[in-house]
Amino acid sequence: MFSSLKSKTDFDHVYEKGKIFGNRNFTLRYVKNGKDANRLGIVVSKKVSNRAVHRNRIRRQIREAYRSTENAVKQGYDLIITAKPSCLGEDYSVLSRSLNHLFYKQDLLNRNQKK
RNA sequence: CAAGUAAACCAGAUGAUCGCGGGCAUACGCCUGAGGAAAGUCCGAGCACCACAGAGCAGGAUGCCGGGUAACGCCCGGUGAAGGUGACUUCAAGGAAAGUGCAACAGAAAGCAGACCGCCUGUACGCAGGUAAGGAUGAAACGGCGAGGUAAGAGCUCACCAGCGGCCCGGGUAACCGGCCGGCUAUGUAAACCCCAUUCGGUGCAAGACCAAAAGCGGCGACAAAAGGCAGCUGCUCGCUGCCUGCCAGAUGGUAGGUCGCUAAAGUCUGCCGGUGACGGCAGAAUCAGAUAGAUGAUCAUUUAGACAGAACUCGGCUUACAGGUUUAGUUGCAUU
RNA sequence: AGGGGUAUAGCCAAGUCGGUAAGGCACCAGAUUUUGAUUCUGGCAUUUCGUAGGUUCGAGUCCUGCUACCCCUG
């Protein structure tokens with residue numbers, strides 16, 4: 001189980017102070033939060049799709065992808081994952097690999113997992 | 001067999017593993033968890049708060065008749081009109097004889113009478129009178145068609161049709177239908193203003209109710225000499241009173257936050273009864289979603305491969321989107337018996 | 001959750017009370033010029049005003065449903 005970013009001030013803090021990095025499907029922002037655990041925020045805007053069903057599905061897939069790799073991710077960060085329109089219609093396996101790639105590039109994975 | 005019509009229904013299923021919301025449980029764990037449209041927010045209600053003596057004006061909505069309903073602009077059953085060979089479908093379907101407006105172009109004339117070409121009679125050949133059959137315009141020209149009639153014509157007369165009216169007759173709760181009689185004309189538009197009838201207070205669960213941290217603020221009350229200052233009684237001391245500052249403790253409003261509202265309901269399913277039907281009545285059954293940045297996902301296997309689409313206070317409708325499929329009841333055509 | 005507005009040529013747009021859809025820029029053709037710019041003249045909305053229906057003799061305009069976009073309140 002992981003906690004999530006909730007208030008607007010939390011989001012604003014990450015948007016202002018965080019590092020930004022992205023690939024084809026996602027934009028990742030992260031900043032140290034001084035705690036033991038990570039907090040995750042997921043953003044799927046109406047730019048991606050006007051259909052609530054599509055946005056919900058992408059959000060759930062991101063959540064699932066993060067959950068399955070959480071043990072390998074370094075702790076103590078606030079993360080925001082923003083979906084891009086290219087996520088629409090992609091398979092879960094593609095999204096999952098794409099998210100892993102982001103964590104790897106930003107050196108957020110634990111050492112033993114990196115190898 | 002083909003084509004077409006109407007109505008009802010399903011909305012992927014099953015299993016395994018990992019995860020999420022809610023409930024129960026000490027715990028292992030068990031149970032449960034999006035839709036027919038959850039959508040658009042177009043109507044109607046419940047519920048909550050605010051406003052409000054009563055009545056009216058203005059404004060909005062609705063508009064054949066009867067019924068259903070908590071209510072409706074919804075539904076059902078009829079009537080009328082239009083379309084279809086038919087099953088059947090569609091219709092904002094009151095009033096134009098209360099008043100006002102509009103009817104471009106064309107046309108002689110566009111709404112209340114009149115007469116361009118005609119036709120007939122008379123004629124002094126300038127025209128005067130009669131007429132509306134025919135022509136031409138237009139979406140629409142003061143009933144249509146036939147016969148009689150006439151100088152030519154005309155509801156002038158007659159039959160049929162259409163329309164209008166009636167203290168009329170019959171049927172129907174009614175809309176209306178059928179008949180009889182009458183006179184012989186009344187353009188269209190109310191989805192133009194309008195008239196008539198019915199109806200409507202406003203805002204919406206971020207409604208609203210309760211608990212309420214820290215810091216600060218506003219006003220209230222009380223205590224005390226534990227402090228000081230100023231003023232007054234009084235020139236001084238004591239004492240008393242008022243104001244200001246400070247301190248102590250209290251209660252109140254209220255922000256973050258939390259709890260409730262919040263899901264058991266005009267609900268769903270099954271059976272019986274009443275009703276043509278919408279629907280109603282009775283009996284029974286079920287641990288029947290309740291989140292709060294907001295729960296349903298991932299992987300694998302089999303299969304007929306699957307659309308449109310995701311609850312946020314709750315219901316009843318309407319509208320719109322929708323793959324594939326199932327069932328029932330009518331219709332038309334062809335073939336065969 | 002609640003409320004309001006817009007849609008007319010490639011672009012900006014006018015269009016009242018229903019009766020042949022203004023205007024500007026751009027574009028096309030022609031004239032002027034050796035050529036180009038400027039200037040002048042003419043053309044440019046397929047029955048068509050976001051879309052599907054309805055009322056009407058007739059709809060950009062009136063009525064109803066829908067679509068897209070924009071804005072406001074909390």
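Numbered from 1 within each chain, the chains take letters A, B, ... in sequence-line order. Below, each value reflects all heavy atoms present in this structure, side chains not excepted, and no hydrogens, waters or symmetry copies.
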Distances under 3.5 Å between nitrogen or oxygen atoms of protein and nucleotides 298-300 of chain B:
residue  : atom : partner : partner atom : Å
rA298(B) : OP1  : R57(A)  : NH1          : 3.2
rA298(B) : OP1  : R57(A)  : NH2          : 2.3
rA298(B) : OP1  : Q61(A)  : NE2          : 3.1

Would you list the atom pairs, donor with acceptor, under 3.5 Å between side chains in residues 96-103 of chain A and any protein atom, with sequence neighbours excluded?
residue : atom : partner : partner atom : Å
S98(A)  : OG   : N23(A)  : ND2          : 2.9
H101(A) : ND1  : N23(A)  : ND2          : 3.4

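One C1' atom belongs to rU150(B), the other to rC120(B), and the distance between them is 10 Å to the nearest Å. When the P atom is compared between rA109(B) and rC117(B), the two are found 13 Å apart, to the nearest whole Å. Here the separation of rG129(B) from rC116(B), taken at their P atoms, is 12 Å to the nearest Å. For the P atoms, the distance from rU203(B) to rC288(B) is 40 Å, rounded to whole Å. Here, rG228(B) and rU237(B) have their P atoms 15 Å apart, quoted to the whole Å. The same atom, C1', is picked in rU90(B) and in rU79(B); the two are 16 Å apart, to the nearest Å.
Looking at V73(A), L79(A), I80(A) one by one, the single match for side-chain contact (heavy atoms from CB on, under 4.5 Å) with L40(A) turns out to be L79(A).
Atoms CD1 (I62(A)) and C1' (rG19(B)) sit 17 Å apart, rounded to a whole Å.
Within the 4.0 angstrom heavy-atom criterion, no nucleotide atom of any strand lies near R55(A).
Identified under the salt bridge (Lys or Arg N to Asp or Glu O under 4.0 Å) test for residues 75-87 of chain A, with sequence neighbours left out: R39(A)-D78(A).
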